[in-house]
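Chain A is the first sequence line, chain B the second, and so forth, proteins listed ahead of strands; every chain is numbered from 1.
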Amino acid sequence: MIRTRFAPSPTGYLHIGGVRTALFNWLLAKQSGGQFILRIDDTDAGRNVAEALQPILEGFKWLGIDWDEGPEVGGPSEPYYQSQRIEGHKAAVAKLLESGHAYRDYALPEELKAEREAAEKRGERFFYDRRWMAETDEQASVYEAEGRQATIRLKMPREGDCVIEDLVRGTVTVAWETEQDHVIARTDGSPLYHLASVIDDHDFGITHVVRAEEHLPNTPRQIFILESLGYPRPKYAHLPYVAEPGGTAKLSKRKLSKYLKNKDFSNLLDHGARIADRCKITTDADTFNPVIVDFYREIGFTADALLNYLLLLGWSLDGEREKFTVEEMKELFTLDRVTKAPASFDPQKLMAFQADHFATLPTGDRLQAVAPFAIAAGLVESSDDPTLATVVAAAGDRLKVAGDIIDFGYCFHDEFEYESKAFEKRIRKPEQATELLAGFRDVVQSADSFDAADAETLLKSFCESKEIKIGQIIHAVRVAVTGTAAGFGMFETLAILGKERVVQRIEKTLQKAADA
RNA sequence: GGCCCCUUCGUCUAGCGGUCUAGGACACCGCCCUUUCACGGCGGCGACACGGGUUCGAGUCCCGUAGGGGUCACCA
């Protein structure tokens, strides 16, 4: 039975790289009927955990990554908050101390700092020489008489190799003597991450530790802890990290301004910002960012599209097939197909996946996805609005994300801007444009009925009567009634607007043309 | 700097010694379709980091070099 876990810190946001790691863990567990566990690593944060955790849980729920044990759902190994498991961690520290795998260290922070700086000055790396180690109570009381307090350090082996069998990297060998005596408990007795993580993984019965490769250098000391305690080793799989757009360094939330220099990345953010602005989504500058999952949810991405893209960031089935449903991911995912090199985040390819997923969604689903955005943007009152359904169907794959409905605001209300370039080219510049528009307006005015087929017949016979080609007027009509040079089928557009609006808008356009 | 990891088109990747004049996808560029835009169709551009081995034969195995990256907290 496979049991995996993802252990976020309650930071208030869910990082795209973290989602990828969680996804792989989830797929690995779920495909074999195993469990995926969510553990909250809050040993440091302490305060406001609930608030900072919520966005993370919301993110997972939106993505459909459900957890078998963890916050909200509980489970047999409760609690799932690391801060509430401290007693167990402390007991482990005591055992380690007792068995001689750890020691009390009375070094003062400033002494360590001086040592470190001295080593750096000599051009060497700092390596703690156990100078303030107390192995006996006598030694300890001497130090304590000086007013010193002990941290607990691991007494790492100084010979032999640590051999890690990694499911994606193969065998990794590290000489024990290069490993520092890591601190596992602070002077106040509170246990640190590496210790806590190992204990919790063991207590939860985690069989596969699947995490990003930045944890690979930590693995020897974790192995030392668990073997000193007599725990079995889980299987390890260190995933390559997700790299920044157009680069090879690890993707980080903090480097937003750097990524903005990447055209594709800033285009994606702009695209989202436009939607957020029109839909009056209150965006948190801190999380409205393509590195954070909230961003995608807020502008109307499809969760499965994001998962599909993330799946391919470091994994492939055969190099040919790229589209997978979540069910297929569960069925086909294997750790041995995970790549070793970091994969850089490509906003364009992500958008391509999104556009494709959204286009293949049944119309009803698309309507349901779009409706909240249309309502928020003030285009319709409710999701039952018949025009909305018509527009969504007519727009087809021009809607890449649900929020793109804002681009068709002219279908719903009369306030729209003319694109100045389009106005110049299609209305102002062509000699006969205004004259033809006026003529077409009159024809529409006197029409009996005005569905898409009527509009087509009307326009075509108008062209015949004027002995012009349809191309000589249709662009002007489009700009006149929508303000834009691009959009879906002209006749459908005319029908959606209706006779009255078409006449009014042509009138308004003619005035504008005459004014300037 | 020490330790560790990584290295095929711009990007994501296929490739597990011969079928590789290196395949697919995104992006880009043409052409076609077309009332615009988008979609779609067809085509094009475009990569094995370098140097040594091993082998009849290396993108594929070994060694080295270079480059990139991660990590070195009383953070997680």
Side-chain angles (χ1 to χ4, degrees), chain A residues 7-11 41-45 82 105 107 109 112 116 119-120 123-127 149-153 164 166 168-169 172-175 177-180 182-194 196-197 212-220 238 240-241 243 245-250 264 309 312-323 337 339-353 355-356 359 395-400 407 422 426 456 459-460 463 469-475 477-479 482 484-491 493:
Chain A
S9 291
T11 52
D41 281 9
D42 58 349
T43 52
D44 199 41
Q82 209 162 48
D105 184 66
L112 250 19
R116 185 170 282 125
E120 275 166 20
E124 294 166 12
R125 81 150 176 154
F126 170 70
F127 195 88
Q149 287 181 301
T151 58
I152 310 301
R153 280 185 191 270
I164 304 162
D166 189 281
V168 344
R169 271 152 226 287
V172 177
T173 306
V174 184
E177 60 177 354
T178 61
E179 292 290 308
Q180 291 273 10
H182 194 256
V183 176
I184 54 174
R186 300 183 179 91
T187 48
D188 67 2
S190 59
L192 264 3
Y193 169 75
H194 291 294
S197 181
E213 65 174 307
E214 59 255 34
H215 287 284
L216 189 51
N218 301 329
T219 308
H238 287 93
Y241 56 84
T248 50
K250 193 170 74 168
D264 300 330
Y309 172 70
L312 272 322
L313 218 48
W315 181 85
S316 73
L317 179 68
D318 54 13
E320 300 283 325
R321 181 157 167 208
E322 295 205 312
K323 284 194 68 178
R337 300 284 312 173
T339 55
K340 294 188 177 79
S344 100
F345 173 70
D346 182 352
Q348 280 194 110
K349 187 144 185 171
L350 203 207
M351 193 48 98
F353 271 92
D356 188 67
D397 51 38
R398 290 169 188 82
L399 297 173
K400 291 192 193 308
D407 290 337
R426 298 303 188 188
E456 182 166 4
L459 187 63
K460 283 187 172 161
C463 288
K469 285 182 180 171
I470 198 166
Q472 287 174 262
I473 180 173
I474 200 163
H475 304 294
V477 172
R478 183 183 292 281
V479 175
T482 70
T484 172
F488 49 78
M490 192 67 256
F491 306 120
T493 306

Identify whether any heavy atom of [X] sits under 4.0 Å from a base atom; if not, whether one sits that close to sugar-phosphate; answer base, sugar-phosphate or nothing.
X	answer
A:T248	sugar-phosphate
A:A119	nothing
A:T484	nothing
A:F488	base
A:H238	nothing
A:E214	sugar-phosphate
A:F491	base
A:S344	sugar-phosphate
A:G246	nothing
A:N218	base
A:G471	nothing
A:D397	base
A:A485	base
A:K469	nothing

Please tell me if [X] has a side-chain N or O lying less than 4.0 Å from either OP1 or OP2 of [N].
X	N	result
A:K250	B:U71	yes
A:R116	B:A73	yes
A:T187	B:C74	no
A:R321	B:A14	no
A:R153	B:A73	no

Would you measure the distance from the [atom1] atom in [N] across to the matching atom in [M] and give it in whole Å?
N	M	atom1	answer
B:C72	B:G10	C1'	34 Å
B:C9	B:C4	P	27 Å
B:C26	B:G46	C1'	13 Å
B:U13	B:G59	C1'	14 Å
B:C32	B:C48	C1'	34 Å
B:C61	B:U8	P	13 Å
B:A22	B:C16	P	16 Å
B:C5	B:G44	C1'	37 Å

Report the distance from atom [atom1] of [X] to atom [atom2] of [N], rounded to the nearest whole Å.
X	N	atom1	atom2	result
A:Q82	B:A76	CD	C1'	8 Å
A:R125	B:C72	CZ	C1'	7 Å
A:Y309	B:U13	OH	C1'	12 Å
A:L312	B:U13	CG	C1'	8 Å
A:Y241	B:C4	OH	P	17 Å
A:D264	B:A27	CG	P	10 Å
A:I474	B:U35	CD1	C1'	4 Å
A:H215	B:C3	NE2	C1'	17 Å

[X], nearest nucleotide to its side chain (from [options]):
X	options	answer
A:S9	B:U35, B:G70, B:A76	B:A76
A:Q348	B:C3, B:C26, B:A14	B:C26
A:H194	B:C74, B:A38, B:A76	B:A76
A:E322	B:G70, B:A76, B:G24	B:G24
A:M490	B:G69, B:U35, B:C26	B:U35
A:P217	B:U71, B:U35, B:C6	B:U71
A:A343	B:C6, B:A38, B:C12	B:C12
A:E320	B:C26, B:G23, B:G69	B:G23
A:R398	B:C4, B:C26, B:C37	B:C37
A:D346	B:C5, B:A38, B:C26	B:C26

Tell me which nucleotide, if any, is Watson-Crick or G-U wobble paired with [N] when both distances must be under 3.5 Å.
N	value
B:A58	none
B:G70	B:C3
B:A38	none
B:C33	none
B:C20	none
B:C26	B:G10

Does a salt bridge link A:R116 with A:E120, judged by any charged N lying under 4.0 Å from a carboxylate O?
-> no
Salt-bridged, A:K349 to A:E322, with N to O below 4.0 Å? yes
Per the atom types in the model, does the base of B:C5 pair as donor or acceptor with the side chain of A:R169 at under 3.5 Å? no
Between A:L112 and A:K349, the residue closer to the 5' end of RNA chain B by nearest nucleotide is A:K349
Residue pair A:T178/A:F345 against RNA chain B: nearer the 5' end by closest nucleotide is A:T178
Compare all side-chain heavy atoms of [X] with those of [Y] and state whether any distance is below 4.5 angstrom.
X	Y	result
A:T484	A:V479	no
A:F491	A:I474	yes
A:T339	A:P240	yes
A:L216	A:R169	yes
A:S344	A:P245	no

**OP:** Could you verify whether a donor N or O on one side chain and an acceptor N or O on the other, from A:T482 and A:R478, lie under 3.5 Å apart?
**Re:** no
In short, A:R337 meets A:S316 closest at the heavy-atom pair NE-O, 3.1 Å
On the 0 to 90° scale, with breaks at 30° and 60°, tag the A:H194-A:H182 ring pair as parallel, tilted or perpendicular.
-> perpendicular
